[in-house]
Structures are given as C-alpha cells and as structure tokens.
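Working notes, structure below.
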Amino acid sequence: MEINQPLQSTKRLKHFPLTPFRIFRGVLCLAVYLSTAFMFLVYFVPPATVLRLFSVHYSRKCVSFLFGLWLGLWPFLFEKINKTRVIFSGDTIPVEERVLLFSNHRTEVDWMYLWNLALRKGCLGYIKYVLKSSLMKLPIFGWGFHILEFIPVERKWEVDELVMHQMLSTFANRQDPLWLAVFPEGTDYTDQKCIKSQKFAIENGLPVLKNVLLPKTRGFIACLEILRGTLDAGSSFFRIVVTDDLKRHTRINALLSWTMYLVWTLQVHMHIKRIPLDEIPLSESKAATWLMDEFVLKDQLLSDFIKNGQFLIKEQKRNSQQ
C-alpha cells in the first residue's frame with residue numbers, strides 16, 4: 001500500500017458542489033451498482049453454492065474471487081468517476097494476511113471505504129462483516145450478506161453469543177482467506193448518540209469521548225478468542241470521513257446517503273495501525289480495557305485531525321512510551 005504524508009489542514013472546500021449533473025451521475029452509478037449486484041447473485045453465486053457441497057474451502061475461494069470482481073466497481077466509481085481522494089497514513093498491511101479489522105464507525109457508509117484499502121492489497125473479496133441483523137433483510141444486498149457469510153447480531157449479547165460462536169468457528173481454517181471487519185461501537189456516530197454515550201461514560205466512570213462512541217467489548221473479544229490462533233495480526237483503523245455536516249441532511253434512508261456520499265465526498269482519510277496479536281491481552285477483562293484504551297486513542301487522533309489536519313502526533317507519543 002502506498003502511504004501518503006499526513007494532510008495539513010486548510011480552509012478549502014472539503015466537498016464537491018452538488019450540481020444537477022453530479023446528482024444525476026451519482027444516482028446512475030448507484031443504479032449500476034444495484035443492478036450488477038443482482039446479476040452477481042443470479043449468475044455467479046449458484047455455481048459457488050453447488051461447489052460448497054463438495055468443498056467449503058474451494059467454495060469460499062470461488063465466492064471471494066467473484067465477490068472481489070464485483071466489489072471493485074465501488075473504488076472505480078468512487079475514485080475514478082467521482083474523483084474522490086482516498087488518503088492513507090500509518091502502517092502497511094502485508095498482502096495475504098488473515099486479519100481482524102476494528103474500526104470506528106463515523107458514517108452510515110464508511111464500511112464501504114474498507115474496499116478501497118482491500119483493493120490495493122489484493123484482498124477485496126476476503127472482507128466479511130459483523131453487522132446488525134436487520135441489514136440481512138435488505139433486498140439484493142441482504143441475500144448477498146447471507147451468501148458471503150456475514151455475521152448478523154441483534155446487539156443483545158444473550159442472543160448474539162451463540163450465533164457469533166457458531167459462525168466464527170467456521171472461519172478457523174487458516175487456508176480460508178479472511179478480513180473480518182468489526183465496528184465495536186455497534187452503530188454509526190451521530191451527535192445524539194455521542195451525547196448518550198458521554199452520559200453513560202460519566203455515570204459509569206469511563207472515558208468521555210468526543211469523536212467516537214464507547215466500544216462494546218463482548219463481540220470483539222469473542223472474535224479475538226475464537227480466531228486468535230488463526231489470524232496473522234490485528235489491524236486497527238483510525239479513520240475520519242470529512243463529511244460530518246452532510247450527515248445531518250442524509251438521515252432519510254440509506255440509499256440517499258450512499259448517493260450523496262458518492263457525489264459529494266471530496267476526500268476520505270484512513271489511518272492504519274497494525275497490531276501484532278501478542279500485544280493484545282489474553283484475559284477478557286484486560287482485553288476489554290485494552291480496547292477501551294484503543295478507542296481513547298482513536299478519539300485523540302480524530303481530534304488532532306480535526307484541529308491540525310494530521311493523525312500522527314499522539315500515535316508517535318504512544319509508540320515512544322512502549
């Protein structure tokens with residue numbers, strides 16, 4: 001992955017102007033993406049499903065290859081057609097690793113930005129998500145989520161514990177390609193959710209965060225415990241999407257949000273920290289504390305970016321203390 005230097009803050013426009021042409025082009029791109037998703041499911045998935053009767057491993061390899069071909073449309077539309085700059089900083093993720101990605105959840109659509117990174121690493125078809133179960137009911141996309149073996153959660157641990165353990169256990173084969181993305185906050189960031197999270201933090205003696213929500217630790221720890229022996233590393237994504245003011249205008253529905261982000265977003269910034277698994281504590285309580293500390297650092301990095309236009313100040317200080 002090519003690493004860019006931290007971008008200095010400026011007062012220039014952070015979004016493209018919303019001209020009628022850009023809006024029309026965004027709607028057209030979204031229509032292309034949805035229609036090709038349907039074609040992918042109808043024409044390519046059945047052969048891979050039949051192959052699963054003979055070999056789960058080769059079925060997953062086939063699905064990953066076909067899934068990656070389709071997913072490649074997003075970076076093309078987002079970067080080449082829309083001319084959005086995706087700017088990376090931080091560590092390099094080696095090619096072909098099985099990794100656990102844990103990220104802050106800044107917007108409704110930032111889970112798609114992982115595709116821009118995965119494309120550059122040749123791992124585009126390997127991505128799987130832990131996501132809320134209601135998304136599995138979406139037409140077209142929901143069908144694909146089932147086939148791609150995404151892990152649905154109700155965000156109630158008494159319900160999710162069994163489902164997560166059952167599905168995560170099927171990913172234990174080191175020969176199966178895997179980039180498992182987890183959003184420990186459990187939902188996307190909004191001002192209202194942040195206020196609620198801060199109130200909970202004050203009442204329970206936890207860190208009060210401004211740019212991220214308090215992480216929910218149980219799901220992350222379950223992923224870590226079950227897959228620890230099969231992963232190459234943990235990879236932490238510290239990320240900011242410079243479209244916060246847009247969120248207040250795009251809460252109508254997901255399709256409108258996707259269209260608006262596609263046509264309006266000028267820059268996306270992703271900061272990556274690669275963390276060897278042996279640095280993450282084994283005990284559940286210490287791992288929970290470690291994750292909370294990571295989100296405190298994410299909050300600091302985002303504050304630095306908003307103020308100075310760069311991520312790396314606090315990260316360098318932290319590394320010098322280790």
Shortest non-hydrogen contact from D232 toward R274
O-NH2, 4.2 Å
Which pairs with one or both residues in residues 209-230 pass side chain to side chain donor-acceptor pair (under 3.5 Å), sequence neighbours excluded?
R98-T230, N211-D299, N211-S303
Taking only residues at least two apart or on different chains, which pairs with a member in residues 65-82 satisfy salt bridge (Lys or Arg N to Asp or Glu O under 4.0 Å)?
E79-R120
Which is it for R155 and T187 under the side chain to side chain contact (heavy atoms under 4.5 Å, CB included) test, yes or no, and what are the steps along the way?
CA-CA 10 Å; R155 293 185 285 196; T187 185; 3.5 Å; yes
Residues two or more places apart in sequence or in another chain: which of them pass ring pair (Phe, Tyr, Trp, His ring centres under 6.0 Å) with F150?
Y129, F145
Suppose we screen for side chain to side chain contact (heavy atoms under 4.5 Å, CB included). Which residues come up paired with K286, at least two apart in sequence or across chains?
P281, S283
Would you say V56 ends up clustered with I226 if hydrophobic residues are merged whenever their side chains have heavy atoms under 4.5 Å apart, either directly or through other cluster members?
no
Taking only distance into account, with no hydrogens and no angle test, what donor-acceptor pairs under 3.5 Å do side-chain atoms of residues 59-73 form with protein atoms, sequence neighbours excluded?
unit_1 : atom_1 : unit_2 : atom_2 : d
S59    : OG     : A48    : O      : 2.8
R60    : NE     : E149   : OE1    : 2.9
R60    : NH1    : T170   : O      : 2.7
R60    : NH1    : D176   : OD2    : 2.8
R60    : NH2    : E149   : OE2    : 2.9
R60    : NH2    : T170   : O      : 3.3
R60    : NH2    : T170   : OG1    : 3.3
S64    : OG     : R60    : O      : 2.8
S64    : OG     : G125   : O      : 3.4
W70    : NE1    : T36    : OG1    : 3.0

Which pair of non-hydrogen atoms, one from L301 and one from H271, has the smallest distance, and what is that distance?
CD1-CD2, 4.1 Å
Can you check whether L213 reaches F183 side chain to side chain, under 4.5 Å on heavy atoms?
no
Mind checking whether V159 and M164 sit in one hydrophobic cluster, side chains of I, L, V, M, F, W, Y counted as touching below 4.5 Å?
no
Any non-hydrogen side-chain atom of C223 less than 4.5 Å from a side-chain atom of L180?
yes
Check whether any side-chain heavy atom of W179 sits under 4.5 Å from a side-chain heavy atom of I127, and report yes or no.
yes
Joining Ile, Leu, Val, Met, Phe, Trp and Tyr whenever any side-chain heavy atoms lie under 4.5 Å apart, the cluster holding I195 also takes in none
Check step by step if side chain to side chain contact (heavy atoms under 4.5 Å, CB included) holds for N104 and L302.
CA-CA 10 Å; N104 57 302; L302 287 166; 3.9 Å; yes
Does one hydrophobic cluster hold both F88 and F76, with members joined at side-chain heavy-atom distances below 4.5 Å?
yes
